[in-house]
Amino acid sequence: MILQSLFRISATARSALSLQMQRHIGFTAIVFNKTKNLDPIQKLFLDKIRDYDTKSKKAGGVVDAGPEYQKNVDQEIAKLRRFYGGGDLEKFPEFKFEEPKFDEVTK
C-alpha cells in the first residue's frame with residue numbers, strides 16, 4: 001500500500017518535473033542560440049550573404065555583372081518575345097473571359 005502511493009506520488013512529481021524541465025530547456029535553447037558564437041563556417045556563410053545583400057542593393061541588381069551578362073539577358077528577352085509574340089514581359093498578362101451564350105431548350 002505504501003509502495004503504491006509512493007509510486008503514484010513519484011509519477012506525479014516526475015511529470016511535473018518533466019514539464020518544468022521542458023520549459024526551461026526550451027527557453028535556454030532560445031537564449032543560447034541568440035547569444036552563442038556561431039560555428040566559423042556558419043559565420044562566414046552569413047557574412048557573405050549579408051555582404052552580397054548590401055552590394056546588390058547598391059548595384060540595383062546582380063553584383064559584379066559586366067556588359068556580357070547584360071548582353072546575354074537582352075538576347076534571352078528577345079528570344080522570349082519572339083517565342084511568345086512580343087508584348088511586355090515584365091507584367092503579368094491580363095485575361096478576359098466572356099460569358100458563354102446558352103440556347104434555351106424547350107420541351
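Quick note: numbers below take in every heavy atom, side chains included, and nothing from hydrogens, waters or symmetry partners.
- Taken to the nearest 0.5 Å, the CD1 atom of Ile77 stands 6.0 Å off from the CZ atom of Arg81.
- No more than 12 heavy-atom neighbours from other residues, nucleotides or ligands sit within 6.0 angstrom of CZ on Phe45.
- Note on ring orientation: taking the six-membered ring where Trp is involved, the planes of Phe92 and Phe95 are perpendicular (angle over 60°, cut-offs 30° and 60°).
- The salt bridge (charged side-chain N to carboxylate O under 4.0 Å, His left out) search around Lys91 returns none, not counting sequence neighbours.
- Here CG of Asp39 is found 10.5 Å from CG of Leu46. Values are rounded to the nearest 0.5 Å.
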Indicate every side-chain donor-acceptor pair of residues 58-71 with a distance under 3.5 Å to a residue at least two apart or in another chain.
from, atom 1, to, atom 2, distance (Å)
Gln70, NE2, Asp74, OD1, 3.3

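- Taking hydrophobic clusters as Ile, Leu, Val, Met, Phe, Trp and Tyr residues chained together by side-chain heavy-atom distances below 4.5 Å, Tyr84 shares a cluster with Val73.
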